[in-house]
Amino acid sequence: MSGLLEGYYDKAVEKTKTLITEDIERYLQEKDKLPSYEQYLRERGEFIQHIWLNTWINMAGSESSGREKKDYLEEKGIDTEGLTKKMIKQLFRQESRDVKPYNFEGWLDSLYARKEEEWQAFYANVRAKYLEWKENAEIREKNRKLNSKFAYNIEQILGEHYEDLYVYVRYLIGCHLEIEIEGNGIVLSSDDVSFEEYLYNELDMPYNQFYFVEDRTAAYEDMIAAYLDDFGPNWLKQNLPQHLLEEYQQVTNKPVHLTYLREIAADFSRDIASDFFADLLEERLEDLTKLIDIPFDLEHHRNIYIKDRTTREQREREDREEKRKRKEKEKKMLEDIFGSEYSPPAGRDIQYKLHVGETNTGKTFQAIQRMKEAASGLYLAPLRLLALEIYERLNRDGVPCSLITGEEEKLEEGGNHLSCTVEMLREKDFYEVVVIDEAQMIADKDRGFSWYRAITKANAKEVHIICSFHAKTMIIDLLGDSDVEVKEYERETPLQVETASFKLNDTRKGDALVCFSRRGVLETASQIQKMGRQTSMIYGSMPPETRKKQMHRFINGETSVIVCTDAIGMGLNLPIKRVVFLENDKFDGTKRRTLTSQEVKQIAGRAGRRGLYEVGKVAFASETKMMKGLLEKKDEEIHGFTIAPTSAVLKRFQKYSSSLSLFFYLWENFKNPEGTKKATLADEMLLYDIIKDTMVEARFSMDDLFAFLRLPFSANEPLLRAQWKAKMLSIVEDSELPEPVINKSSLEELELSYKSVGLHLLFLYKIGKTTEAHYWERIREEISDLIHEQLKSGVKLRRNVCENCGKELPHRFKHKICNECFFIR
């Protein structure tokens, strides 16, 4: 025996001895007469060797380590170099079979050979245990069969007498409910309350009584189970077959005890308690609580239950029929109100010209040139700033042009051209040429419907639509059989992506540094200014006038760098040499997400203005390879557009009702046509909630109220929401509009004041107070100048420090505590 495996060998011997002893017990226990020890060896001797071999191989193979197996094989002259673990294991099992077995026959002889008394005593002990086990097994089998019979009969009885039991439990629960309601002074909201409504909605009890719905539900289910547990066993004993009770006594030598019945029926009781509770939830509370005054008689209470159930079922049928009629009426209303409102026309007698291309390709310029040549023209812009830019350009070029954006009106005498935001389109007004800019915005979840309406409802001889490549197919589909001419534009200035990751100290003249939040713009601008560079800034909430001045500083060379959000991606032509993405993701109103391919292209396309640079450069602060892939990726086609309520929809709705609550409900339940998505109307519903069921709602017509709900301002700003409500009340009360709140204490307050004046202007133009509006336009311009001057003089931001330890955090650090404090926490 090798010393390497000696310990495992000894353990295998002891294990084998135990297994042989168990084999002897099994051999002897079923023998009516004692066989001799020699007879056992003759019959089982070969098997003893198998027991040993299996025990030894399994124990040595499983407990020895891989190293020990290798050493054992090499000791036997077998080279293990290059062998897999599996091969070594197989070789070890094979070689270990040759280990000399222990002399188990000698061991057994020492115990029982020529020792008749010891062999006799061993047999007597094994046989007695076996006979005792066999007797107990027979008793267990009899009891099992008896239990099965009782369980079967109990299940049958409970099924046959379900209603009788329910009627009694119903009575007990009804009594408890009446005492609970009376004792706790509960006042119900209606006489027609179901037990379920009472349980989940109606309760007004002291804190310590069934305070949570889950606890109350469990409490009542437990109560029903307790009732069944209390009277159930005795009731079962009275209803079980007599022969079954007698059989129980014969088997057990004792009468059936209630405890036994309670145990056998336990599972059935839990199930039936749950069923009773579910049935009780449907009952009217009044039908239950009245039972306390009616002494229990099974037949009488069964008749009461049947009558109550019949009445309830009749009511339910009537309710279902009423609901069906309501659904039918609702379906008819939805079809009548919304119907085919959002199906594009098959074709129109208009010449459509589609200008398709990437950013900075001159497509807008070409369309505007055609509009300038026409006798009358309309430019529909995605932003106030762009509407203002075209208004100024046309007037500068000698083409009188007016401006309407909702927040300002500049009407030029003799002007047949108009520049406005896309929402300001008036479908009845005719123009020789209409230009619709940035038409890929049709897919925008909030404003997309304005582009759909402009594309399909513009009243003109020629309509020029400007869009990116990925919107081309869908817009052509929308125009149906109309005459459509498509002109595609390619960039003359190629884009070149820099391979090295951008660092802030790499900033050069002509750079546009892009991040995706106002704070990011201000922080980055502050860093750049500390480096001694003059910067312009552009972000979404910046007033258009301020934005324009910031742009001109960059255009005129007063600043060498522009720090901005993706606001530069839409229609702003600036002398940008290189666009730098400081971030690769943005918050889209719901979550932070990686930029889309189209967003990267739209922004990057501002680099390399035609006529100024031979190449436009693009750089990324991180993940350059991934972002370059997005820039070069073919855009996914737009396949849908957003729909929103139209004046025609509101008009049709008012044939049925003037309730905006009902209108919002129908809008949510209206199934939008395939390929479209519904505007959420979240801002409109937010504003409606603060004037619902007030004098404001009562005094305004539905059309007028909805128009005020749709005013384009930041309804998520609590201060502006409060001002909107105050102005609505002043209109109802025929008093002066409350003046805007103006606070000049900080940049943030100035920007909010600008919005406040903007909201005031929306109201003034809406109610026709144009002269007063001109005054407030000047005030707003003064606020815009103050914002510009603050930005021009340099951004001074509060130091970004760890909230925990006060340590200054790195520039653009995204968290509120430093890494050290985070790891400690």
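Sequential numbering from 1 along the given sequence is applied to the chain's residues. Computed from heavy atoms alone, side chains included, the values below leave out hydrogens, waters and symmetry copies. Remember, it's a predicted structure, so these values are computed and weren't measured experimentally.
Put simply, the side chain of L660 does not reach to within 4.5 Å of the side chain of F653, judged on heavy atoms. Here the side chains of V600 and M627 are in contact, with some heavy-atom distance below 4.5 Å. For the pair L425/C420, no side-chain contact is recorded, criterion being any heavy-atom separation below 4.5 Å from C-beta on. At a threshold of 4.5 Å between non-hydrogen side-chain atoms, the residues T565 and V514 do not count as touching. Using a 4.5 Å heavy-atom threshold, the side chains of R721 and L687 count as touching.
Here the straight-line distance linking atom CG of L354 with atom CG of L479 works out to 7.5 Å at 0.5 Å rounding. Rounded to the nearest 0.5 angstrom, I337 CD1 and L666 CG are separated by 5.5 Å. Atom OG1 of T421 and atom CD1 of I404 lie 9.5 Å apart (nearest 0.5 Å). One distance of note links CG of L762 with NZ of K727; it measures 10.0 Å at 0.5 Å rounding. Separating the CD1 atom in I368 from the NE2 atom in H464 is a distance of 9.5 Å, to the nearest 0.5 Å. Here the CG-CG distance, from N584 to L630, works out to 8.5 Å after rounding to the nearest 0.5 Å.
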Problem set entry | Audit row: R315, D192, salt bridge (charged side-chain N to carboxylate O under 4.0 Å, His left out) steps and yes/no | CA-CA 11 Å; R315 286 187 181 187; D192 192 26; 2.9 Å; yes

Problem set entry | K548/E392 under salt bridge (charged side-chain N to carboxylate O under 4.0 Å, His left out): CA gap, chis, key distance, verdict | CA-CA 12 Å; K548 182 180 172 184; E392 291 177 342; 2.2 Å; yes

For this session: Determine, step by step, whether Y391 and E412 satisfy the side-chain hydrogen bond (donor to acceptor under 3.5 Å, both in side chains) criterion, reporting the C-alpha distance in whole Å, the side-chain angles of both residues, the deciding distance to 0.1 Å, and the verdict.
Result: CA-CA 10 Å; Y391 158 77; E412 295 295 321; 3.0 Å; yes

Problem set entry | Worked check of salt bridge (charged side-chain N to carboxylate O under 4.0 Å, His left out) between E321 and R324 | CA-CA 5 Å; E321 180 61 20; R324 186 190 66 77; 2.6 Å; yes

For this session: List the steps and the verdict of side-chain hydrogen bond (donor to acceptor under 3.5 Å, both in side chains) for E341 and T646.
Result: CA-CA 8 Å; E341 180 70 20; T646 63; 2.9 Å; yes

For this session: Walk me through it: do E772 and Y765 pass the test side-chain hydrogen bond (donor to acceptor under 3.5 Å, both in side chains)?
Result: CA-CA 9 Å; E772 191 176 337; Y765 281 118; over 6 Å; no

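The two atoms that bring F469 and G357 nearest to each other are CE1-CA, 3.7 Å, heavy atoms only. Residue A471 comes nearest to I638 through the heavy atom pair CB-CD1, 3.7 Å, listed as atom of the first residue, atom of the second, then distance. Scanning both residues, F516 and F581, for their nearest heavy atoms gives CZ-CD2, 4.4 Å. The minimum heavy-atom distance between V434 and A460, with the atom names listed, is CG2-CB, 3.5 Å. Annotation for E490 and T361: closest pair C-CG2, 3.8 Å, computed over non-hydrogen atoms. In terms of heavy atoms, E668 sits closest to K678 at O-NZ, 3.0 Å.
No side-chain donor from either of E282 and S194 sits under 3.5 Å from a side-chain acceptor of the other. A donor-acceptor pair shorter than 3.5 Å cannot be found between the side chains of Y431 and E462. A side-chain N or O of S784 and one of T546 form a donor-acceptor pair less than 3.5 Å apart. A donor atom on one side chain and an acceptor atom on the other are found under 3.5 Å apart for R348 and Y352. One side chain, Y656 or D336, offers a donor N or O that lies under 3.5 Å from an acceptor on the other. For the residue pair E736/S730, the side-chain donor-acceptor check at 3.5 Å is not satisfied. One side chain, D437 or Y379, offers a donor N or O that lies under 3.5 Å from an acceptor on the other.
With W667 as reference, F338 is the one residue of F706, Y688, F338 to meet the ring-ring contact (aromatic ring centres under 6.0 Å, His included) rule. The residue from R384, K755, K766 that alone fulfils the salt bridge (charged side-chain N to carboxylate O under 4.0 Å, His left out) condition with E407 is R384.
A donor-acceptor contact shorter than 3.5 Å links the side chain of S657 to the backbone of S659. A donor-acceptor distance shorter than 3.5 angstrom exists from the side chain of T456 to the backbone of Y452, with no hydrogens or angles considered. The closest donor-acceptor contact from the side chain of E599 to the backbone of T596 lies under 3.5 Å. A donor-acceptor pair under 3.5 Å is absent between the side-chain atoms of H355 and the main chain of C467, judged by distance alone. A donor-acceptor pair under 3.5 Å is formed between the side chain of T680 and the backbone N or O of A682. Checking side-chain atoms of T676 against main-chain N and O of I643 turns up no donor-acceptor pair under 3.5 Å. Remark: side-chain polar atoms of R699 are paired, donor with acceptor, to backbone N or O of V732 under 3.5 angstrom. Distance alone, capped at 3.5 Å, places no donor-acceptor pair between the R780 side chain and the Y754 backbone. A donor-acceptor pair is defined here as one N or O able to donate and one able to accept, closer than 3.5 Å; no such pair exists between the side chain of E330 and the backbone of R326.
Between E322 and K329 there is no salt bridge, since no side-chain N of the basic residue sits under 4.0 Å from a carboxylate O of the acidic one. Comment: E777 engages K410 in a salt bridge, judged by a side-chain N to carboxylate O separation of less than 4.0 angstrom. Between D585 and R592 there is a salt bridge, since a side-chain N of the basic residue sits under 4.0 Å from a carboxylate O of the acidic one. Salt bridge present: R393 and E389 bring a charged side-chain N and a carboxylate O closer than 4.0 Å. A salt bridge is defined here as a Lys NZ or Arg NE, NH1 or NH2 lying under 4.0 Å from an Asp or Glu carboxylate O, and R309 with E316 fails to meet this definition. Using a cutoff of 4.0 Å between basic side-chain nitrogens and carboxylate oxygens, E432 and R370 are scored as salt-bridged. The residues E488 and K472 are annotated as salt-bridged, a charged nitrogen and a carboxylate oxygen being separated by less than 4.0 angstrom. Ionic pairing of E358 and K601 is not present here: no N-O contact between side-chain nitrogen and carboxylate oxygen is shorter than 4.0 angstrom. Residues R710 and D683 are not paired through a salt bridge, judged by the lack of any N-O separation under 4.0 Å between the basic side chain and the carboxylate. The residues E328 and K325 are annotated as not salt-bridged, no charged nitrogen and carboxylate oxygen being separated by less than 4.0 angstrom. With respect to the salt-bridge test (charged N to carboxylate O, under 4.0 angstrom), the residues D429 and R426 qualify. Looking at R453 and E427, a side-chain N of the basic residue comes within less than 4.0 Å of a carboxylate O on the acidic one, giving a salt bridge. A salt bridge does not link K323 with E318: none of the charged nitrogens is closer than 4.0 Å to a carboxylate oxygen.
Less than 6.0 angstrom separates the ring centroid of F700 from the ring centroid of F708.
Within a 6.0 Å radius of CG in D319, other residues, nucleotides and ligands contribute more than 12 heavy atoms. In the displayed structure, K769 atom NZ is contacted under 6.0 Å by more than 12 heavy atoms of other residues, nucleotides or ligands.
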